[in-house]
Amino acid sequence: MSAAARAGTLLSVVVPMYNEEDALPSFAARMRPVLDGLGVRYEVVAVDDGSADKTAALLRDLAADWPELRMVRLRRNSGHQAALTAGLDHAVGDYVASIDADLQDPPEKIPEMLELARAEGLDIVYGVREDRSTDTGFKRWTAGGYYWLMRRLVGRQVPANAGDFRLLSREAVEALKELPDQQRVYRLLVPWLGFPSGEVRYVREERVAGSTKYPLAKMVRLALDSVTGFSAAPLRLATWLGTVAFFTCLLLLGFSLTVYLFGATVPGWTSLFVGLLFIGGIQLICVGLLGEYVARIYTAVQRRPAYFIAEDTARDTARDTARDTAGETGAGLGAGSGSGPGAGLGG
Ligand code: UDP
Ligand code: MG
């Protein structure tokens, strides 16, 4: 996006939404006064991640008397991180905040983040969860394990308990857009960029309405993308397990030869069977791990866009204006080009 197009827009707020019709009215009611109260030019980029419910229709209604609200609708459900990518690609502000639609992250913290970033010249301000008491025990336990592992794999600069509620400067957003990564995990990519950063602490609230859009399968996917995106350590697991198996075999060789010399070779079915299962299990795990990395290479080689834009209220308004003056031009293909899905994949 050119500097001219974003001139004057200080803040963009990116909100990924997937089937959020229940949470949307409360979200708008709480978000708007906070942003209006800032007294700066802002935009809200609501990314409808291929919702099957009335999310898109509700957004259109809301936008009718909230001019700062813009909807970018994806053609199909592409996942939270892909929706964030779409939002970052389309946001024009000098600062870009991202926040969930379910009000688990308090919108009131956004002005605080902005103030901190501008006062101290920071490029990144993380929202860090102070207390997860409203999350289920299972969620807390898995989240604890996740952040522990990520800090070991990616490095200490990954803040524990910082999800996707954060503020980025324009420079940080452009740096992210230049990355060729396909399966992005922003909570790791952002700290990895190494920009000066700060934190704003907040208490994680309960989801205001509706139910979680992160079932176990999506959580596992995020964890796998996180690990394979930042570490080749699991690949080395095969080497270590193989070494252990080799030395175990040497010991067992000594044992079986001794037993053979004493002429008692028939018993031993149990050890044979257990050994067989053990080696078979290890081999399958290692092939599976290898598969995860091959899959990543496969996706990278395909270079397919992470999302497709079906509709962008800002661009459609601009196009309607252009059409009024210059007449209709080919629309169909245009929906997939321009600042759309291809952006950020080049390089
Ligand atoms: N979300 C999305 N696409 C998806 C899943 C989730 O855009 O495929 C959005 C969702 O609407 C919400 C945010 O990502 O704004 C976080 O999801 P959710 O609150 O369900 O996750 P949880 O807080 O339970 O981890
Ligand atoms: Mg949530």
Side-chain angles (χ1 to χ4, degrees), residues 12-28 30-31 44-59 62 69-91 96-107 109-110 127-147 150 160-166 183-188 202-226 306-311 341:
S12 299
V13 180
V14 170
V15 199
M17 296 181 182
Y18 178 51
N19 292 341
E20 296 287 5
E21 62 177 6
D22 295 325
L24 196 46
S26 330
F27 175 78
R30 201 161 138 199
M31 181 56 104
V44 174
V45 184
V47 183
D48 173 25
D49 186 12
S51 300
D53 67 357
K54 296 198 199 72
T55 302
L58 275 176
L59 278 170
L62 282 168
L69 177 65
R70 167 186 185 187
M71 174 178 68
V72 173
R73 186 163 62 82
L74 306 189
R75 225 178 276 153
R76 57 182 175 78
N77 181 237
S78 312
H80 183 200
Q81 302 297 307
L84 271 174
T85 307
L88 292 180
D89 286 346
H90 288 79
V96 182
S98 51
I99 186 169
D100 287 356
D102 58 3
L103 291 177
Q104 285 199 282
D105 315 319
K109 288 283 166 182
I110 293 180
V128 174
R129 296 158 197 175
E130 207 153 48
D131 160 63
R132 296 184 84 110
S133 56
T134 57
D135 278 340
T136 59
F138 176 72
K139 187 103 188 176
R140 263 185 287 169
W141 188 78
T142 48
Y146 175 82
Y147 287 109
M150 290 311 127
N161 287 316
D164 286 304
F165 181 37
R166 70 175 86 77
Q183 289 125 312
R184 292 163 173 242
V185 181
Y186 281 106
R187 62 191 65 181
L188 303 179
Y202 71 102
V203 177
R204 183 98 162 141
E205 288 165 41
E206 241 163 295
R207 180 177 251 283
V208 67
S211 56
T212 178
K213 308 299 179 290
Y214 255 95
L216 188 63
K218 278 189 185 172
M219 278 165 64
V220 171
R221 192 65 256 160
L222 185 76
L224 280 176
D225 282 344
S226 305
Y307 60 86
F308 290 106
I309 302 291
E311 180 183 354

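For the single chain, residues carry numbers from 1 onward in sequence order. In listed order, ligands and their atoms are each counted from 1. The structure displayed is predicted, hence computed values, not measured ones.
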Contact summary for Ser226 and Leu188, nearest pair of heavy atoms
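Shortest heavy-atom separation between Ser226 and Leu188 comes out as CB-CD1, 3.5 Å.
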Can you name the closest pair of heavy atoms from Lys213 and Tyr18 and give their distance?
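Looking at all heavy atoms of both residues, the shortest contact is CE-O, 3.0 Å.
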Verify the distance test for Gln104 against the Mg ion (ligand 2): any N/O/S atom under 2.8 Å, yes or no.
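Checking the Mg ion (ligand 2) against Gln104, an N, O or S atom does fall under 2.8 Å.
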With no hydrogens and no angle check, do the side chains of Gln104 and Arg204 hold a donor and an acceptor under 3.5 Å apart?
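Looking only at side-chain atoms, Arg204 and Gln104 do form a donor-acceptor pair, the distance falling under 3.5 Å.
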Pairing residues for Lys54 by the side-chain contact (heavy atoms from CB on, under 4.5 Å) criterion, not counting sequence neighbours
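By the side-chain contact (heavy atoms from CB on, under 4.5 Å) rule, Lys54 matches Glu21.
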Does the pair Met219 and Tyr146 meet the rule for a side chain to side chain contact (heavy atoms under 4.5 Å, CB included), with working shown?
CA-CA 10 Å; Met219 278 165 64; Tyr146 175 82; over 6 Å; no
Identity of the N, O or S atom of Asp102 lying closest to the Mg ion (ligand 2)
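This turns out to be OD2.
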Protein residues near ligand 1, heavy-atom distance below 4.0 Å?
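Contacting ligand 1 under 4.0 Å are Pro16, Met17, Tyr18, Glu20, Asp49, Asn77, Gly79, His80, Asp100, Ala101, Asp102, Gln104, Lys139, Arg204, Arg207, Thr212, Lys213, Tyr214, Lys218.
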Measuring only between side-chain heavy atoms, which start at C-beta, is Asp164 closer than 4.5 Å to Gln81?
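The answer is yes; the side chains approach within 4.5 Å.
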Nearest 0.5 Å, please: how far is CD in Glu20 from CG in Leu59?
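Taking CG in Leu59 and CD in Glu20, the distance rounds to 10.5 Å.
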